[in-house]
Structure formats: structure tokens, C-alpha cells
Amino acid sequence: MSESRLKDIKILHRERLLVRDFFLRYGKDLQMACHSPETSLDAPIAESGIHRPGLAMAGFTQVYSSQQIQVVGHTEWNYLESIGPEGRAKVFENLSVYKAPMWVVTHSQMPHPELRCMCERLNIPLFSTTLHTYEFNKIAQRILEEFFAPHAIIHGSLVDVYGVGMLYIGDSNVGKSECVLDLVESGHRMVADDVVHISNVGRAIIGRPDPLIKHHMEIRGVGILDVRSMFGIHAIRKVKKIETIVELQQWQRDGGYDRTGLNEQEEEVMGVKIPKVVIPVAPGKNLTVISEVIAMNTLMKYSGQNVAQDFNEALMQKIKAKAKGEYVDDLLDFDNQNWSYYE
């Protein structure tokens, strides 16, 4: 079994996201309109959660998640409408003790004057959106989870082969980039080469290209290639979940490589275990075909078929039957034999 190459990666964490950056980057996707002066937009978002303050408006603030984005949905808005101006003034007087990073009113509804007054007094950004509450929360939650997710930078290459995200790792000059280039030429899609940015989002390891390198790759003796320009937009992806790790190693006589597929390996990356395959590299070895077989084998396992285990079970049954002295006709063991072939 090979040593782990990814166990000592440096894991990084983002501590805050300014409301200004959130609005500039994602405001269009979230269909947001700003109701606050620009000076208030420098407030920091420090948590990835979305909170609906219905209970807090009703007076229960013991577990009020005030450090999260506050979303006034259809239910909260109608509650505020029902209690009148005096009731709303009291609600927001009580909530003014807590300073949320921002407030958002959904369903194309306008913020109540009392909410505007509190936000102006505390310099809290106030927005509205045409999206329904569920839609806004779903999109915003995903954005925040990805932004605050633990992330790292690793040396490797990431390719989408038959829909399976395959991360290639190994020593420099072992042939990772050449393998990726051949896969792209065969119709598969490159995500990143040489430098892969990974993050742990919802217990899945997501890979992206480096913002500077993007979809370029270096081939020794040739130079820098632009995969998108050479092979077209269909040859690249911007992001992909890593589902299999392929470690390329220079072939060693005493390498002890797996020949049956029964000794399945895993690599733990940022707390998530990912299946791993070690491939010895030797002159004349077709890594592209092997990569495609690894991807197809992964898809078969997803569907519940493990060829190595099935073959081993059938073999063990045959050995046990012969050990008991039972007669076994190998010719009749073939499933669904098409005898018309021999006519």
C-alpha cells in the first residue's frame, strides 16, 4: 500500500466575507436590490448560515442566531404587517440589541419603515429580492458554504472521465499532464492541471483550477498549451467533485501492486475518504485506456456491481465444491449460453 500524499496538505479557512463583495459577486444571481447607503456595505459576514427571525420577532431570543444573514420571508413579513406600526417598533427595538450582518426581505416585498429605521440607525445593510424565500435561501446557503468551506491547494491534475472526477497525483515528471492531454484528446474534460484548488463542501471534495492557470497546461518539450482554445469549450470544466484518486508511480519490481482489485485503497482528504488506485507507469503503457477503465469500474461500483468481489466469490464457490468432491461441469457453468452460436 502506497503512502498518503495528501494527508499533510495545509488546510485554509476564510474568516469573513464583506457584504459589499457578497452583493457585487452574487447580487445579480440573487436578484437583490439595496436599500442602504454604500457606507454600510463594509459589514462582515462571519458565518455560513441563513436565519429566519420569526421566533426572535415574537420575543424568543435565547437561541437567536444574530450573526447570520437575517431573511424576512413571506411568513415573517405578514406577521409584521399584522401587528401594526407600534408592534413593529417594539419588535425592532428589541432586535436592535443584536447587530446582524445584513437583512434581506424576499418575495418582492418592501421592507417595513421600522426595519429600515433600525438598519439605518445601526448601519446594517438592508436588501430586498424578487426570489421566493426558499429559492433565495438555497442559493445563498450554497454560496456561503462554498466560500467558508475548508480549502487547500494541491499538486495534481483533475479530469472528468465519463462523469467521474479523477484526481491524478504523483511525482513531478511521472506523466500526469501527458495523461490528461491524451484524455482530453479522447473526448474527456479537463478541470485543472498541475495546481488544483480543493474544498470540502457538504462532505464532498470539490476541485477547481487555479484562477491564474485556469485551463492551461505545461508539456515538457512543447511548452504552455491552452486546452480551451485548442480543443474547444467542451474539453473543459470549471468545477468537479473528486470521486477517485489515481496515483501514478514509476514502475518498481518490488512495488507490490494490486492485481485482483480486492485490496481497495482509500485516501483521506480533508476528512473525506476517497477511493484510490495506484498505477505503475512503464514505457508503452496506455494510461488513457486504463483511466477510462478505472472510471467505468467506478460507475459499475456505484450501480452495485463489484467485478473483483463477484469473481472472487464465484472462484471460492468452485474451490469449495471441488474440495467436497462434487462434480462440476465447467462447460455448463456459463450463464445464458447461446448454443445457436455453435450450429
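We're numbering straight along the sequence, starting at 1. Keep in mind that this is a model prediction, so the values were computed, not measured.
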Handout entry: Within 6.0 Å of CZ in Arg16, more than 12 heavy atoms from elsewhere
Key = no

Exercise for the section: Going by the side-chain hydrogen bond (donor to acceptor under 3.5 Å, both in side chains) test, name the single residue among Tyr98, Trp103, Tyr64 that passes it with Gln70. Expected result: Tyr64

Problem - Atom pair CG/OG1 of Leu55 and Thr61 - distance to nearest 0.5 Å - result: 10.5 Å

Exercise for the section: Consider only side-chain heavy atoms of I, L, V, M, F, W and Y, link residues closer than 4.5 Å, and tell whether Val19 and Phe147 are in one cluster. Expected result: yes

Problem - Donor-acceptor pair, side chain of Glu76 and main chain of Gly73, under 3.5 angstrom - result: yes

Problem - Atom OH of Tyr134 with >12 non-hydrogen neighbours under 6.0 angstrom - result: no

Handout entry: Shortest non-hydrogen contact between Lys176 and Ile169, atoms and distance
Key = CD-C, 3.6 Å

Practice task
Verify, without hydrogens or angle tests, whether Glu243 (side chain) and Gly165 (backbone) share a donor-acceptor contact under 3.5 angstrom.
Solution key: yes

Practice task
Answer yes or no: is there a donor N or O on one side and an acceptor on the other, between the side chain of Arg237 and the main chain of Arg189, under 3.5 Å?
Solution key: no

Problem - Electrostatic pair Asp160:Lys240 at N-O distance under 4.0 angstrom - result: no

Problem - Close side-chain approach of Ser172 and His155, heavy atoms under 4.5 Å - result: yes

Practice task
Report, as yes or no, whether the 6.0 Å neighbourhood of atom NZ on Lys241 holds more than 12 heavy atoms from other residues, nucleotides or ligands.
Solution key: no

Exercise for the section: State yes or no: do Phe311 and Ile319 share one hydrophobic cluster built from I, L, V, M, F, W and Y residues joined by side-chain heavy-atom distances below 4.5 Å, directly or via other members? Expected result: yes

Exercise for the section: Please confirm whether the backbone N or O of Leu126 pairs with a side-chain atom of Ser36, one donor and one acceptor, at under 3.5 Å? Expected result: yes

Problem - Note, Leu115 side chain near Leu80 side chain (heavy atom, < 4.5 Å) - result: no

Problem - Side-chain donor or acceptor of Arg228 paired with backbone N/O of His216 under 3.5 Å - result: no

Practice task
Using modelled atom types only, decide if a donor and an acceptor are shared between the side chain of Trp77 and the backbone of Met110 within a distance under 3.5 Å.
Solution key: yes

Handout entry: Full working for side-chain contact (heavy atoms from CB on, under 4.5 Å) between Arg208 and His151
Key = CA-CA 11 Å; Arg208 295 178 174 82; His151 60 282; over 6 Å; no

Practice task
Report yes if some heavy atom in the side chain of Ile294 is under 4.5 Å from a heavy atom in the side chain of Ile279; otherwise report no.
Solution key: yes

Handout entry: Gap separating the CG atom of Asn137 from the CG atom of Leu30, nearest 0.5 angstrom
Key = 10.0 Å

Exercise for the section: Would you mind reporting whether Gln265 and Val277 have side-chain heavy atoms less than 4.5 Å apart? Expected result: no

Exercise for the section: Answer yes if Val159 and Val195 sit in the same cluster of Ile, Leu, Val, Met, Phe, Trp and Tyr residues linked by side chain heavy atoms under 4.5 Å apart, and no otherwise. Expected result: no

Exercise for the section: Report yes if the side chains of Val91 and Glu114 come closer than 4.5 Å at any heavy-atom pair, otherwise no. Expected result: no

Exercise for the section: Looking only at non-hydrogen atoms, find the nearest pair between Ala295 and Val164 and report the distance. Expected result: O-CG2, 3.8 Å

Problem - Candidate list Glu247, Glu266, Glu268, test salt bridge (Lys or Arg N to Asp or Glu O under 4.0 Å), partner Lys276, passing option - result: Glu247

Handout entry: Side-chain H-bond candidate by donor/acceptor type, Gln67 with His51, under 3.5 Å
Key = no

Exercise for the section: Mind checking the CG-CD1 spacing from Leu41 to Ile124? Nearest 0.5 Å is all I need. Expected result: 12.5 Å

Exercise for the section: Take Met300 and Val307 through the side-chain contact (heavy atoms from CB on, under 4.5 Å) test and state the conclusion after the steps. Expected result: CA-CA 8 Å; Met300 291 177 68; Val307 176; 3.5 Å; yes

Problem - 4.5 Å side-chain heavy-atom contact, Ser291 and Leu183 - result: yes

Problem - Lys90 bridged to Glu86 by N-O distance under 4.0 Å - result: no

Exercise for the section: Step through it carefully: locate the ring centre of His188, locate the ring centre of Tyr162, and say whether they are under 6.0 Å apart. Expected result: yes

Problem - Minimum heavy-atom distance between Lys214 and Pro209, given as atom pair plus value - result: O-CB, 3.5 Å

Exercise for the section: Measure the shortest side-chain to side-chain distance between Met57 and Leu95 over non-hydrogen atoms and say whether it is less than 4.5 angstrom. Expected result: yes

Problem - Val105 vs His35, side-chain contact (heavy atoms from CB on, under 4.5 Å): CA-CA, chis, key distance, verdict - result: CA-CA 11 Å; Val105 181; His35 300 277; over 6 Å; no

Exercise for the section: Measure the spacing between NE2 of His215 and CG of Asp210 and express it to the nearest 0.5 Å. Expected result: 11.0 Å

Problem - Thr133-His74 side chain donor-acceptor pair, cut-off 3.5 Å - result: no

Handout entry: Closest contact, heavy atoms only, Met217 versus Asp193
Key = CB-OD2, 3.1 Å

Practice task
Keeping the roles fixed (side chain from Lys10, backbone from Ile153), state whether a donor-acceptor pair exists under 3.5 Å.
Solution key: no

Exercise for the section: Would you mind reporting whether Pro280 and Gln249 have side-chain heavy atoms less than 4.5 Å apart? Expected result: no

Exercise for the section: Please answer: with hydrophobic residues joined when any side-chain heavy atoms are less than 4.5 Å apart, are Ile245 and Met270 in the same cluster? Expected result: yes

Practice task
Report yes or no: do Ile213 and Leu225 belong to one cluster of Ile/Leu/Val/Met/Phe/Trp/Tyr joined by side chain heavy-atom distances under 4.5 Å?
Solution key: no

Handout entry: Expected output: side-chain Gln109 to main-chain Thr106 donor-acceptor under 3.5 Å
Key = yes

Practice task
Could you tell me whether a side-chain N or O of Thr129 sits under 3.5 Å from a main-chain N or O of Gln31, the two making a donor and an acceptor?
Solution key: yes

Practice task
Please work out whether the ring planes of His132 and His107 are parallel, tilted or perpendicular, with thresholds of 30° and 60°.
Solution key: parallel

Exercise for the section: Compare every heavy atom of Met102 with every heavy atom of Phe127, then report the nearest pair and how far apart it is. Expected result: CD1-CE, 3.5 Å

Practice task
Go through Gln68 and Leu144 one step at a time and tell me if the side-chain contact (heavy atoms from CB on, under 4.5 Å) criterion holds.
Solution key: CA-CA 11 Å; Gln68 298 178 353; Leu144 293 174; over 6 Å; no

Handout entry: Asp182 side-chain N/O to Thr288 backbone N/O, donor-acceptor pair under 3.5 Å
Key = no

Exercise for the section: Output the distance between atom CE (Met166) and atom OG1 (Thr244), rounded to the nearest 0.5 Å. Expected result: 6.0 Å

Exercise for the section: Could you grab the distance from atom CD1 of Ile242 to atom CG of Leu167, nearest 0.5 Å is fine? Expected result: 4.5 Å

Fill in the blank from the handout: In short, Pro44 meets Leu18 closest at the heavy-atom pair CA-CD2, 4.2 Å

Exercise for the section: Let me see the working for Arg220 and Glu178 under salt bridge (Lys or Arg N to Asp or Glu O under 4.0 Å), right down to the final yes or no. Expected result: CA-CA 9 Å; Arg220 285 177 174 83; Glu178 290 78 0; 5.3 Å; no

